[in-house]
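Here is the structure we will look at.
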Protein chains: 2
Amino acid sequence: MVRAQEGPRARYREQTRSEIKQTALGQLAESGVGALALTRVAKEMGLSGPALYRYFANRDDLLSALIRDAYDDAAAAVGQAAAEAEARGRSPRERLRELADAYRAWAIDEPHRYLLIQGAPVPGYVAPDDTRGRARAVLGPFLPVFANGTPEAGLAALVVEMTDWLAEDESVGAWVAEYAPDVLGDLRAPSYALAGTVLVWAQLHGSVGLEAAGNFTGMGHGGGTLLMAQLNLLADAFALR
Amino acid sequence: MVRAQEGPRARYREQTRSEIKQTALGQLAESGVGALALTRVAKEMGLSGPALYRYFANRDDLLSALIRDAYDDAAAAVGQAAAEAEARGRSPRERLRELADAYRAWAIDEPHRYLLIQGAPVPGYVAPDDTRGRARAVLGPFLPVFANGTPEAGLAALVVEMTDWLAEDESVGAWVAEYAPDVLGDLRAPSYALAGTVLVWAQLHGSVGLEAAGNFTGMGHGGGTLLMAQLNLLADAFALR
DNA sequence: CGCTGGAGTTATGCTCCGTAACTATTGAAA
DNA sequence: TTTCAATAGTTACGGAGCATAACTCCAGCG
């Protein structure tokens, strides 16, 4: 993370930046996004006010950094689960379950960070360009899971739309190629992979989002069961082994 | 809405309240939740500052009113779709589709209002008590759709959890009784209805939430197709006619 | 027809964002 | 080792916005 060759100046700077982010995360967890105040972060760190502007251009810049980190963390969690599943020779069905579980576990463990990337429509805030790529990195490991599945009839329209999407936007093909390279020769597999991934994306967003926002309190801890139920439907719909 | 017997004073008051809400909604659509500022609402109305405090205790109170209205509107949209489907003698499968479509249509038509109730985790804001009831009113019409379905094996765990939930929380049974009264005699139907409704809740939250937050821009207009695909899976899983 | 209560006003204090102008430290080059 | 320029930090400031207090004014009620 910290490169020594860049000298003590840069190192110290990076350390402070990370300390700021840490403090900001703490306040985020306590009081929510809207309450994130540069002044308060500074005060909590023993600094005073404008000092933080040396490290982040403004509040949105700090927020962007936190969001970037959250994406990267989520991607790492899912990616690690994928690597483990690979190493253990899991079936597609098991892999789907384990990947989704890793995603959910990360989200529930730090709901405030999840809510940050969950699509939380922060007011005038415009997501930086690299957000799309980072979001795709989170979902990428799901692509190979569905690449060998066969979607049932009810998903035909979605598959068609995915095919169109592939034709329209080159970056989508590149995304598939990066995470499911062994499927490029097949004509239909990329569309299948995309359809399954988009579906799992929506399902994760749905059940994990509701859970992270606290909508399940008072109804047992339904989050896991609900997600598993949805995954079962999805796995069946793709006839995953 | 406005009761004449309460005299001109009360009527005028109610009218101003509603004008405030209207103006606030406009700013909400333009600049997002976080940017909702009492001062700016007042200025746009030609009033100045503290005048609004006659009508709303504070910013959160105004927000609460907007959220309440949004829930009621959504419930009305879904409820009306249910009434129409009833009148036309739709099959459960068709009803599911039409109810979900009505929900989505309302949400996409006014995304800012949808995002308000979507679980948008407003910072220190705590939802008033009646929120739960209003949320349930939105989803209630889905209950009878699933009451006569038969959930497939993969949903067993979820059904069990719903049964537990029914046993623990009386209000849940009352909710089912209100929207699907003809099912009370049956032992399993209420759990089935709940399982289906919770699933459709999560699916709606997933796909409509992503669409409303703008995550589908640049991939065709996938919102409708995605939702339909999910509904097909769900209808199949409950063997809906 | 008086008067009370509600509508609206200005004034004030607080918090926070973000900029400007300044000081002091310290790493790095000569 | 000495100098010096970049960097970390400071106080001072102006602008928004929330919320309260104290006031004026008017209209509907009795």
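Chain naming here is simple, since letters A, B, ... match the order of the sequence lines and numbering starts at 1 in each.
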Nearest-Å distance for atom pair [atom1]/[atom2], residues [X] and [N]:
X      : N       : atom1 : atom2 : result
M45(A) : dA8(D)  : CE    : C1'   : 12 Å
D61(A) : dG18(C) : CG    : P     : 10 Å
L62(A) : dC17(C) : CG    : C1'   : 13 Å
Y12(A) : dG9(D)  : OH    : C1'   : 10 Å
K43(B) : dT9(C)  : NZ    : P     : 13 Å
R11(B) : dG28(D) : CZ    : C1'   : 13 Å
Y53(B) : dG6(C)  : OH    : C1'   : 19 Å
L38(B) : dA19(D) : CG    : P     : 6 Å

CG-CD distance between L116(A) and E110(A), expressed to the nearest 0.5 angstrom: 11.0 Å

Backbone of M228(A) reached by a side-chain donor or acceptor of R97(A) within 3.5 Å: no

Over all strands shown, is [X] touching base, sugar-phosphate only, or nothing at heavy-atom distances under 4.0 angstrom?
X      : answer
A51(A) : base
L36(B) : sugar-phosphate
L52(B) : nothing

R54(B) versus T16(B), side-chain donor and acceptor atoms under 3.5 Å: no

If you check the [X] side chain, which of [options] turns out closest?
X      : options                   : value
A37(A) : dC18(D), dT10(D), dC17(C) : dC17(C)
L47(B) : dC17(C), dG8(C), dT10(D)  : dG8(C)
R54(B) : dC17(C), dA19(D), dA7(C)  : dA7(C)
S48(A) : dC17(C), dT9(C), dT10(D)  : dT10(D)
Y55(B) : dA7(C), dT19(C), dC16(C)  : dA7(C)

Distance-minimising heavy-atom pair for R40(B) and S31(B): NH2-OG, 3.6 Å

Side chains of V200(A) and Q230(A) in contact at under 4.5 Å (non-hydrogen atoms): no

Distance below 4.0 Å between T39(A) side-chain N/O and dC17(C) OP1 or OP2: yes

Contact nearer the 5' end of DNA chain C, comparing N58(A) with R13(B): R13(B)

